[in-house]
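What you see is a predicted model, and the numbers here were worked out from it, not measured in a lab. In the text below, chain A, chain B and the rest are named by the order of the sequence lines, each starting its count at 1.
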Protein chains: 2
Amino acid sequence: MGNAATAAAQRANNRLRLAVIDRDPGFMQVLSNRLEALGWDLRALSSAVTVDALVGMRLNALVIDLAVLGPGSWEYLERVCARLPGLAVIVCTGPSSVAQRVRGLRLGADAWMSKPCHAEELICVIEASIRRHRRAEMPQLEQSTTVGEITIRPDLYQAYARGASLELTAREFEILNLLSQSDRVLRREEIYERVWGYAMAHGDRSVDVFVRKLRQKLRTGSPNWNYIHTHFGVGYRFAPEMDGGESLPATQIASADAESDQIVFQPALVA
Amino acid sequence: MGNAATAAAQRANNRLRLAVIDRDPGFMQVLSNRLEALGWDLRALSSAVTVDALVGMRLNALVIDLAVLGPGSWEYLERVCARLPGLAVIVCTGPSSVAQRVRGLRLGADAWMSKPCHAEELICVIEASIRRHRRAEMPQLEQSTTVGEITIRPDLYQAYARGASLELTAREFEILNLLSQSDRVLRREEIYERVWGYAMAHGDRSVDVFVRKLRQKLRTGSPNWNYIHTHFGVGYRFAPEMDGGESLPATQIASADAESDQIVFQPALVA
DNA sequence: GAGCGCCGGTAACAAGATCTTCACACGCAA
DNA sequence: TTGCGTGTGAAGATCTTGTTACCGGCGCTC
C-alpha cells in the first residue's frame, strides 16, 4: 500500500516516529541509545528540512534546537506548527529568555526544554505531548460496524454492501471510515487533516473529489440509500438515509429519531 | 438578568476554566490579574480538594504545587490524571530533581514548571496543554442549547423549531449561534467581526440583512415568538419572548451530561 | 525494461446556493 | 417635521459544490 500508508494507518503501527533537528553529537548519541531501547523510530537531522519533507515523514513528534536553524527559526517553527497541527513539537535549545519561550509556545510548540537537559526528562516531555493524540485515536477499534446497508471492516480496509465489496481504495475507505464514526458535520479541513495527516491547503478540492467517488460506489452497492450529506458552506455529514424517507441512527451505539416532533439529543460517548 | 442567565452566558462564552492549588499569595495575585485580563475563569484553592470536587468543576486545566499537598502528592497527582484524562495538568512547584520531574510526567502530568516562574510563561504552557487536549476532545464541547422554542445544534450547524429544521445557511447559523450565546446587546461591528473574522466596512448593511433573514426563518418555524430585538442606534440583542408577554432566561443548556448543574427553565407550552 | 492499469491528486467548467449591494419604505428620536 | 437609522425586496456578484477529464507515479506483468 506504499502511498496508501497514511498517517492514520501509520500511527496504528504502534511505533513512535520522532525526528530531531540538532547538531550536538553527544546529545544525539545519548538520546538515540535511549530511544532505541524504547523501540522508537528516530530520525536525526543536522539541519532544517523543508516542511513538506517533514510531512512526508509522518512523524509523531519533532524536537528542534532553534540554534541550528539560525535567523529564520521562528518562522520555520510557525510554519511547521501550522502545517502539522497534529504533530507534537518540542523545542529543546540552549539558554533562553522568558520572552523567547513564550514566543515559541505561542507559535504552536507544545513544550520548551532548556539544554543541557537529561535525556530521560526530554523523553517524558515528548511522551506527554504525544499522549493525547494517541489517546484520541485509540477508539479506532478494529471493530466492524454496520450502518444502513453497508458494513465497514477496518480489519480488511474495506466496506461491503449486500455481501459484496465496494472495492474502495485505501483513501476512500479512510474517509468513509472517518465520516461513519461521527454523526456531526465534519468540515473539509477536519477531514483532510485527519486522513492526510496535515493541514489542507486553501482551495484543495481533494476531499470533494473523494466524496464523489465514495458516493458513486456507495450508490452502486446500495441503491436507494444516501449516506453522505452535504452541508453547504460547512462540510459533510454521514447518516444513512433511505430515498423514501426515514433516517437511521448514524452509529449502532447512538440513537436518534428524526420523526419525532422533538429533537432527541444523543448522549455524548464518555470515555 | 438572573443568575441563570449569567451562568449560561459564562459557559457559552467558551471561557477557559482553570483551578490552581497553591498557597503563595503573591504568585496567585499576579496570575489572577493576568488571567482576568484574558477572561479566564480562575479558581484558587489553597489545599487539595477531592477528585470528585475537581470533576464537578469541569475544568480545562489544573495547576498544582506539589509542596502544598505534602506526602500524598504523588498519589493525588496520579488519581487526578487517571480520573480526568481530558484535563490539562501542570505541576508548578519549587526546586526539583530530574527524577521528580520524570515521575510527575509519567504519572500523567502534561508539563512541569519550576518556581519561581514568570506568569506569562506559565500561561503559555497551560495554553499549549489545553490546545492539545482540545484537539482530542473537540466533539464533546459542542453542546446543544434550547432557547424558547428553538434548539441550536452546533454539531449539525443547524437550528430546529418544533422538530423541524429552520434551514439556516452557514452564515445565518453562525450569527444566530453568536447572538444566542449572549444576552446583552451586540453592536453590528461586534457581530460582523466575530462572524466574518475581520472589521466591518463603514456603511455595510450585511448584518441587518442577515438579521432580517433570520427573523423570517425564526418566525416561520416558531410563530408567536420574538427572538432578536433591535436596539435603535446600538445593535441587536437575543432574548426569546412570546408575543403575549413574558420573557425567558436567555439560555438553557441541553447538556449531554447527566449531572448538569444548570438550572433549567422549561417553557410550559412545549408539548 | 517497457507497457499497462490503478490510484491519488489537480484543473477546469457548469450549475446552484449564498452573499452583497442598492434603492426605497418605514419608524424612531429630537 | 426633519434627519438618520433600520426593515424589506430583488438583482447581480461571488462563492461552493458536483462533475468530468487529465496527468504523473507506482506496482505489476510480460
(request) Compute the angle between the rotation axes at the two ends of the helix from dG1(C)-dC30(D) to dA30(C)-dT1(D), each taken over five pairs, rounded to 10 degrees. (result) 30°
(request) Could you check how far CZ of Arg212(A) sits from C1' of dA15(C), rounded to whole Å? (result) 15 Å
(request) Could you list the residues that satisfy ring-ring contact (aromatic ring centres under 6.0 Å, His included) with Phe173(A), not counting sequence neighbours? (result) Tyr157(A)
(message) According to salt bridge (charged side-chain N to carboxylate O under 4.0 Å, His left out), who are the partners of Arg205(A), at least two apart in sequence or on a separate chain?
(response) Asp208(A)
(message) Side chains of Ser222(B) and Tyr227(B) only: does a donor on one sit below 3.5 Å from an acceptor on the other?
(response) yes
(request) Could you tell me which residues satisfy side chain to side chain donor-acceptor pair (under 3.5 Å) with Arg83(A), sequence neighbours excluded, listed by chain and number? (result) Asp52(A)
(message) Under the rule for salt bridge (charged side-chain N to carboxylate O under 4.0 Å, His left out), what residues qualify as partners of Glu127(B), not counting sequence neighbours?
(response) Arg106(A)
(request) List in chain and number order the residues that pass side chain to side chain contact (heavy atoms under 4.5 Å, CB included) with Ala82(A), two or more places apart in sequence or in another chain; answer none if no residue qualifies. (result) none
(request) May I ask you to evaluate whether Tyr236(B) reaches the phosphate of dG5(D), defined as a side-chain N or O under 4.0 Å from OP1 or OP2? (result) no
(request) For Tyr236(B), check ring-ring contact (aromatic ring centres under 6.0 Å, His included) against everything at least two apart and list the hits. (result) none
(message) Please report the distance, rounded to the nearest Å, between CZ in Arg188(B) and P in dG7(D).
(response) 6 Å
(message) In whole Å, I'd like the distance from the NZ atom of Lys217(A) to the C1' atom of dG8(C).
(response) 12 Å
(request) Just grab all the salt bridge (Lys or Arg N to Asp or Glu O under 4.0 Å) pairs involving residues 211-225 of chain B, residues at least two apart or on different chains. (result) Glu172(B)-Lys217(B), Arg219(B)-Asp243(B)
(request) Take the protein atom CE of Met200(A) and the nucleotide atom P of dT17(D), then report the distance between them rounded to whole Å. (result) 9 Å
(message) Holding to ring-ring contact (aromatic ring centres under 6.0 Å, His included), I want the full list of residues that pass it with Tyr76(A), two or more places apart in sequence or in another chain.
(response) none
Polar atom pairs (N or O), protein with nucleotides 28-30 of chain C, under 3.5 Å:
none

(request) Could you list all the salt bridge (Lys or Arg N to Asp or Glu O under 4.0 Å) pairs where at least one residue sits in residues 151-160 of chain A, not counting sequence neighbours? (result) Arg153(A)-Asp155(A)
(request) Send over the distance from Arg187(B) CZ to dG5(D) P, rounded to a whole Å. (result) 15 Å
(message) Quick check on dG7(D): is either OP1 or OP2 less than 4.0 Å from any side-chain nitrogen or oxygen of Thr230(B)?
(response) yes
(request) Whole angstrom is fine here: how far is it from CG in Leu214(A) over to P in dC7(C)? (result) 13 Å
(message) Between P on dG18(D) and CZ on Arg219(A), what's the gap in Å once rounded to a whole number?
(response) 14 Å
(message) One character per nucleotide, please: for nucleotides 19-25 of chain C, 5' to 3', B when the base has a protein heavy atom closer than 4.0 Å, S when only the sugar-phosphate does, - otherwise.
(response) BBB----
(message) How many whole angstroms separate atom CD of Glu167(A) from atom P of dG8(C)?
(response) 13 Å
(message) Testing the 3.5 Å rule here: is there a donor-acceptor pair between the side chains of Arg237(A) and His229(A)?
(response) no
